[in-house]
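Residue numbers start from 1 in every chain, and the chains themselves are labelled A, B, ... in the order their sequence lines are given, proteins ahead of strands. Reckoned from all heavy atoms, side chains included, excluding hydrogens, waters and symmetry mates.
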Amino acid sequence: MYWSKLFIPTLRENPAEAEVASHQLLLRAGYIRQLSAGIYSYLFLAQRSLLKITRIVRQEMDAIGGQEMLLPALHPAEVWQESGRWEVMGANMFRLKDRWQHQLCLGMTHEEVMTAIARGELRSYKQLPQIWYQIQTKFRDEPRPKSGLLRMRQFLMKDSYSFDMDASGLDEAYEKHRRAYCRIFDRCGLKYLVVEAHSGAMGGSQSQEFMAPTEAGEDHVAVCASCGYAANLEKAESEPVAPLAADPPGDLAPHKFHTPGRKTIAEVSAFTGLPETSQIKSLVMVAGGEPVLVLVRGDHSLSETKFAGVAGAPDVRPAHPEEIRERFGADAGSLGPVGIRGMRILADLALAGRRNMIAGANQDDYHLRHVTPGEDFTPEWHDLRQAAEGDRCRNCGKPLELKKTVEIGHIFKLGYKYSESMGLRVLNASGAEVTPIMGSYGIGIERILSAAVESYHDLDGMSLPPAIAPFEVVVTPVNNSDAAQRKAAMEIYRECLAQRLDALLDDRDERPGVKFKDADLIGIPYRITVGKKLAQGKVEVFNRRTRETAAVPTGEAPAFVRNTVS
RNA sequence: CGGGGCGUAGCGCAGCCUGGUAGCGCACCUGCCUUGGGCGCAGGGGGUCGCCAGUUCAAAUCUGGCCGCCCCGACCA
């Protein structure tokens, strides 16, 4: 294509509303424009790149036997009510009414619709297994859209769903997807981690996330460089650092002492001269409407995800200050487990075996010394703490590293949640009615593009992997009014096309600097520059990523790029 | 939902405090010039100053309400 005919609105300056690199660069390079908060138009360059991404996704999904479908984005409330998620999704779901006042919503995901198809049509074990997928727009009324294409209210997802007769069939479908996802992200040229994940509101057992490391990410993962353990921080397990001071020995009774104005762990630590690891941090959570006292070591934080799992309630939240005062007769800074009755007490495993620690006295401005878990109160023991920097790996004892990442893919073993609640049944070989088991597997399409920009950019712009760049090579005559350069550039461009390269000819009547800057900005992996060396029968091949230039005989430049790309 | 910031030309911003002619850079159009990293000269077009109401002889500027966007936190299949 000829650049002079294309709409590529590059900007010299960064738009004020963009904060993260991928957002700034996608705007500046003329890939996207914002229509509203979390809603973007994908202009020519973005669409080309997204089409390349979806082509890779399709090829790999087809390769594991996936069948592509196109499903409605507009759903009747009924299917969501059947699965129970009409309520669960709350304000995150876009809802609307038709002219007859019938309730509808915009699809956030497609478990319900897929299961509705399956229950109407699948009758026999002979029809299983099935893998069905779709690449479509999904809608979520995000409380806070942000970071360009990383968190939107309307976005593209590849979603696939597997239906199997039994758990081993599901294992197989899950494993196929795991491998397909690795191939997809490898082919897209991304750096990524596969981590153990929490299955959240989806329900289900096993689940892994594919995470691309980036400072713009909001998900934290714990990674062991030594043995390969990797998990979302929500669910990561780790060995905490040892207490900084030994516990006083002996069978001591709790002893109340005055701590005027000391509310926080740090304040009590400074007041007593004992490290935070000698304190019990008492938190009040509300799970399923009931208050629960949760205890972690003073320097630790609670993982609300782990807590929700232990509490067995989907709706958990910290208690309000009024609830705490009413129930404990003291404010949050002076709470403790001693003397608490009629309330579940959960304690983190890092407190097990500890003796004579410091906790709140349930009286403002007072704390207790010599509090021993298991003797002065009896908790339920669970892993409740969030892994922290400095912790060691449970498997190999080496230090864990925490990384900021963005989720680009997620695979779930759903189990029977949807097939059960929505009444999907098939007959097995002995004629009995059984419920198929399901899996669900998602990929965020725009996030692949964003993550690639986050990973591969410099001060001049982005440098996308060739597989997903909007063009593979741009042919740039330095001086377009020089007839010899113009002619040579045209011939090289034609030869690039003949070599099946996705090529662009920069035939604009611009200064060389403008053409170079624009090509660098939009991130075309290779540039063939036709300039002063043409007299010696040479042109230059510029590698955007490495910024290296090679002088190549004019006729060989397209083949040179062709070989480098593949 | 809590906290903060911003809304003036396509983009980036000044003007607002102290009310009176709407301005700068980039981009855009015309001509000349130039061609290895956003070149130069000359001329030109483009604005309901987010919206509504109020105060005033007079509002981009002061007051009130509303809307939109961004950031931090909460939340997040």
Side-chain angles (χ1 to χ4, degrees), chain A residues 9-20 23-24 27-28 30 33-39 80 83-85 88-93 107-112 114 138-148 150-153 155 157 159 161 197-204 207 209 216-219 232 234 304-305 308 314-318 320 406-407 409-412 414 417-418 439-444 459-461 476-482 485-486 506 508-521 527 529-534 539-540 542 547 549 551:
Chain A
T10 57
L11 303 172
R12 191 184 290 244
E13 287 163 296
N14 267 326
E17 73 265 18
E19 194 92 345
V20 306
H23 189 196
Q24 293 180 339
L27 283 167
R28 270 193 65 201
R33 286 295 182 263
Q34 181 172 339
L35 183 61
S36 181
I39 304 179
W80 287 83
S83 72
R85 293 206 294 178
V88 173
M89 292 308 186
N92 284 331
M93 185 146 72
M108 305 175 68
T109 171
H110 283 75
E111 280 80 8
E112 280 79 0
M114 282 288 190
K138 313 250 170 171
F139 300 87
R140 256 195 250 178
D141 195 359
E142 285 286 347
R144 186 146 100 78
K146 59 184 285 200
S147 307
L150 287 178
R151 191 175 201 70
M152 293 189 285
R153 295 198 290 174
F155 53 96
M157 281 208 62
D159 254 6
Y161 303 89
H198 167 67
S199 34
M202 294 293 299
S207 148
E209 286 167 330
E218 303 183 276
D219 276 306
N232 192 309
E234 289 183 328
E304 288 201 19
T305 305
D315 53 326
V316 302
R317 61 170 173 85
H320 302 309
V406 62
E407 177 186 347
H410 200 160
I411 55 180
F412 290 93
L414 281 181
K417 180 177 159 79
Y418 299 92
S440 128
Y441 318 87
I443 288 180
L459 286 174
D460 291 312
T476 306
V478 169
N479 181 354
N480 202 46
S481 51
D482 178 314
Q485 284 186 20
R486 201 168 59 230
D506 194 349
R508 294 177 297 169
D509 189 19
E510 288 284 359
R511 313 249 327 160
V514 173
K515 292 185 274 199
F516 296 158
K517 288 283 185 194
D518 274 342
D520 288 354
L521 180 60
R527 185 181 78 217
T529 311
V530 182
K532 56 194 175 199
K533 294 206 181 88
L534 187 63
V539 294
E540 288 160 16
F542 172 78
R547 308 202 66 91
T549 301

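- Taking 4.0 angstrom as the limit, A:Lys532 places none of its side-chain polar atoms (N or O) nearer than this to OP1 or OP2 of B:U35.
- Between A:Lys146 and A:His23, the side chains place no donor N or O within less than 3.5 Å of an acceptor N or O (distance only, hydrogens not considered).
- For A:Glu19, taking side-chain heavy atoms from C-beta onward, the closest of the listed nucleotides B:C71, B:A77, B:G38 is B:C71.
- OP1 or OP2 of B:C72 has at least one side-chain nitrogen or oxygen of A:Arg144 nearer than 4.0 Å.
- For A:Gln485 (side chain) and A:Leu534 (main-chain N/O), no donor-acceptor pair under 3.5 Å exists by modelled atom type.
- At distances below 3.5 Å, not a single donor-acceptor pair connects side-chain atoms of A:Arg85 with backbone N or O atoms of A:Trp80.
- The partner of B:G40, taking Watson-Crick or G-U wobble pairs whose two distances both stay under 3.5 Å, is B:C32.
- Taking 4.0 angstrom as the limit, A:Ser36 places a side-chain polar atom (N or O) nearer than this to OP1 or OP2 of B:C69.
- Side-chain N/O atoms of A:Arg511 include none lying less than 4.0 angstrom from OP1 or OP2 on B:G38.
- In a base pair of the Watson-Crick type (N1 to N3 plus N6-O4 or O6-N4) or a G-U wobble (N1-O2 and O6-N3), with each distance short of 3.5 Å, B:C1 is matched with B:G73.
- For A:Met89, whose side chain is taken as the heavy atoms from C-beta onward, the closest listed nucleotide among B:C75, B:A77, B:G36 is B:A77.
- In this structure, the nucleotide among B:G36, B:A77, B:U35 sitting nearest to the side chain of A:Met157 is B:A77.
- Nucleotide B:A27 has no partner under the Watson-Crick or G-U criteria, as no pair reaches both atom distances under 3.5 Å.
- Comparing B:A77, B:C39, B:C11 by their closest approach to the side chain of A:Arg12 singles out B:C39.
- Across B:G37, B:C69, B:A77, the shortest atom-to-atom separation from the side chain of A:Gln34 is found for B:C69.
- The gap from the C1' atom of B:C39 to that of B:U21 amounts to 35 Å, rounded to the nearest Å.
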Listed pairs, N/O of protein and of nucleotides 41-48 of chain B, under 3.5 Å:
none

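- When atom types are taken as modelled, the side chain of A:Arg153 and the backbone of A:Asp141 share no donor-acceptor pair closer than 3.5 angstrom.
- Pair check for B:G64 finds B:C52; Watson-Crick or G-U wobble, both atom distances under 3.5 Å.
- Listed nucleotides: B:G37, B:C26, B:G12. Nearest to the side chain of A:Ala16: B:G12.
- If A:Lys138 and A:Ala37 are placed on RNA chain B by their nearest nucleotide, the residue sitting closer to the 5' end is A:Ala37.
- Residue A:Pro15 is the one, among A:Pro15 and A:Met108, whose nearest nucleotide of RNA chain B lies closer to the 5' end (criterion: closest heavy atom).
- Using a distance-only test at 3.5 Å, with no hydrogens or angles considered, a donor-acceptor pair links the side chain of A:Arg33 to the main chain of A:Leu27.
- Between B:G38, B:A77, B:C75, one nucleotide has an atom nearer to the side chain of A:Leu521 than all others, and that is B:G38.
- Among the nucleotides B:A77, B:G38, B:C69, the one closest to any side-chain atom of A:Thr10 is B:G38.
- Checked against B:G38, B:G37, B:C13, the side chain of A:Arg527 finds its nearest nucleotide in B:G37.
- Ranking B:G37, B:A77, B:C11 by closeness to the A:Phe516 side chain, first place goes to B:G37.
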